[in-house]
Peer 1: 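Pasting in a structure now, in structure tokens, and then I'll have a few things to ask.
One is the number of the first residue; the rest follow in order along the sequence.
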Amino acid sequence: MGKYIVLTNKDTFQTILDNDGLEPVETYHFYFFDKLKAKYTIAKVLDENMKIQLFENYEGKEYVNHIAVKFFERFDTIEAAREELSEIVKASGNSEDSVNSKLVKSDEVAV
């Protein structure tokens, strides 16, 4: 049985989902004050030994990292991954901000 992970894509931080060891399952768009702030993809881990490629643009410099999947929090079920995603969104702002933030399931599977 595969495990699931939650991957993030933002303006300054890109996770490459084109990976033989991953199977993207669902993508969600996170909006704050109607502005798209992040895309979250729940993916099934097909290869426990694979590495995930991350691109980061920080202070005008680009960084590329290859992170072993074992360093990502993994979930036994897709429902558990969805719960974690819900917690990430709740933690992204204070209680007044929660009215202005929303998570929308996307028709696209990968970002």
Side-chain angles (χ1 to χ4, degrees):
M1 183 163 119
K3 301 279 185 182
Y4 295 88
I5 58 176
V6 177
L7 300 169
T8 306
N9 277 283
K10 299 180 181 182
D11 288 344
T12 58
F13 187 90
Q14 298 295 314
T15 307
I16 305 305
L17 297 175
D18 186 13
N19 186 320
D20 290 340
L22 280 181
E23 180 186 320
V25 180
E26 297 176 341
T27 295
Y28 294 84
H29 293 183
F30 174 65
Y31 294 91
F32 186 67
F33 284 98
D34 294 326
K35 183 173 189 227
L36 180 62
K37 288 296 198 179
K39 293 181 182 181
Y40 296 101
T41 298
I42 297 173
K44 186 174 186 177
V45 176
L46 304 176
D47 178 1
E48 290 288 335
N49 299 311
M50 67 136 177
K51 292 191 175 183
I52 295 174
Q53 193 172 6
L54 305 171
F55 287 97
E56 191 169 4
N57 191 334
Y58 182 71
E59 294 183 350
K61 294 183 181 154
E62 288 190 2
Y63 300 91
V64 179
N65 292 300
H66 294 81
I67 312 292
V69 74
K70 69 181 180 182
F71 293 110
F72 286 80
E73 186 172 5
R74 284 174 288 188
F75 306 93
D76 290 330
T77 65
I78 195 164
E79 291 78 15
R82 287 180 189 135
E83 284 178 29
E84 174 65 14
L85 185 53
S86 183
E87 291 302 313
I88 290 170
V89 169
K90 282 182 195 167
S92 66
N94 59 38
S95 56
E96 297 95 50
D97 290 340
S98 64
V99 197
N100 299 307
S101 62
K102 63 184 175 183
L103 192 65
V104 179
K105 186 174 179 184
S106 173
D107 290 336
E108 64 185 90
V109 174
V111 284

Peer 1: I want to check something: taking the side chain as every heavy atom from C-beta on, are L22 and M50 in contact at a cut-off of under 4.5 Å?
Peer 2: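 L22 reaches M50 side chain to side chain.
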
Peer 1: Grouping I, L, V, M, F, W and Y whenever their side-chain heavy atoms are under 4.5 Å apart, do F71 and V45 come out in a common cluster?
Peer 2: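 Yes, it is one cluster - the side chains of F71 and V45 are joined through contacts under 4.5 Å.
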
Peer 1: With heavy-atom distances below 4.5 Å as the criterion, would you say the side chains of T12 and Y58 are in contact?
Peer 2: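 They are not in contact (no side-chain heavy atoms under 4.5 Å apart), so the answer is no.
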
Peer 1: To the nearest 0.5 Å, what is the distance between CD on Q14 and CD on E62?
Peer 2: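 Interatomic distance, Q14 CD to E62 CD, rounded to 0.5 Å: 10.5 Å.
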
Peer 1: Could you grab the distance from atom OG1 of T41 to atom NE2 of H29, nearest 0.5 Å is fine?
Peer 2: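 With rounding to 0.5 Å, OG1 (T41) is 7.5 Å from NE2 (H29).
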
Peer 1: Do you know which two heavy atoms are closest between I5 and F75, and how far apart they sit?
Peer 2: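 Taking I5 first and F75 second, the nearest heavy atoms are CA-CD1, 4.5 Å.
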
Peer 1: Are any of the side-chain heavy atoms of I88 and F30 separated by less than 4.5 Å?
Peer 2: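 No - every pair of side-chain heavy atoms lies 4.5 Å or more apart.
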
Peer 1: Below 4.5 Å, heavy atoms only, C-beta onward: do L54 and Y63 meet side chain to side chain?
Peer 2: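 Contact flag for L54/Y63 side chains = no.
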
Peer 1: Of all the heavy-atom pairs spanning V69 and D47, show the shortest one and how long it is.
Peer 2: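 Scanning both residues, the minimum pair turns out to be CG1-O, 4.0 Å.
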
Peer 1: Going by salt bridge (charged side-chain N to carboxylate O under 4.0 Å, His left out), name the pairs with one or both residues in residues 64-75, residues two or more places apart or in two chains.
Peer 2: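 As it turns out, the salt bridge (charged side-chain N to carboxylate O under 4.0 Å, His left out) pairs with a partner in residues 64-75, which skip direct neighbours, are E48-R74.
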
Peer 1: Looking at every non-hydrogen atom in both residues, tell me the closest pair between T15 and T8 and how far apart they are.
Peer 2: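 Where T15 meets T8 most closely, the heavy atoms are OG1-O, 2.6 Å.
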
Peer 1: Report yes or no: do Y40 and I16 belong to one cluster of Ile/Leu/Val/Met/Phe/Trp/Tyr joined by side chain heavy-atom distances under 4.5 Å?
Peer 2: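 No, because Y40 and I16 fall into different hydrophobic clusters, even though each may have its own neighbours under 4.5 Å.
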
Peer 1: Same hydrophobic cluster for F33 and L36, using side-chain heavy-atom links shorter than 4.5 Å among ILVMFWY?
Peer 2: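 No, F33 does not connect to L36 through the hydrophobic network.
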
Peer 1: Could you report the tightest heavy-atom contact between Y28 and L103, atom names first, then the distance?
Peer 2: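 It is CB-CD1, 3.7 Å.
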
Peer 1: For D18, does the CG atom have more than 12 heavy-atom neighbours from other residues, nucleotides or ligands under 6.0 Å away?
Peer 2: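 No, the 6.0 Å shell around CG holds no more than 12 heavy atoms from other groups.
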
Peer 1: Same hydrophobic cluster for L17 and L46, using side-chain heavy-atom links shorter than 4.5 Å among ILVMFWY?
Peer 2: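 No, because L17 and L46 fall into different hydrophobic clusters, even though each may have its own neighbours under 4.5 Å.
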
Peer 1: Taking atom NZ of K10 and atom NZ of K39, what is their separation to the nearest 0.5 Å?
Peer 2: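 Result: 14.0 Å between the selected atoms.
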
Peer 1: Inspect the contact between K102 and D34 and indicate whether a charged nitrogen and a carboxylate oxygen are less than 4.0 angstrom apart.
Peer 2: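 Between K102 and D34 there is a salt bridge, with a charged N closer than 4.0 Å to a carboxylate O.
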
Peer 1: Using atom types as modelled and distance alone, determine if a side-chain donor or acceptor of N19 lies under 3.5 Å from a backbone N or O of G21.
Peer 2: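 Yes.
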
Peer 1: Of all the heavy-atom pairs spanning V25 and Y4, show the shortest one and how long it is.
Peer 2: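 That closest heavy-atom pairing would be CG2-CE2, 4.1 Å.
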
Peer 1: Which atoms form the tightest heavy-atom contact between Q53 and V64, and what is the distance?
Peer 2: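 For Q53 versus V64, the nearest heavy atoms are NE2-CG1, 3.7 Å.
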
Peer 1: When rounded to the nearest 0.5 angstrom, what distance separates NE2 in H66 from NZ in K51?
Peer 2: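 One finds 8.0 Å between NE2 of H66 and NZ of K51.
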
Peer 1: Tell me, do L7 and F72 make a side-chain contact under 4.5 Å, heavy atoms counted?
Peer 2: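 Yes. Closest side-chain heavy atoms under 4.5 Å.
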
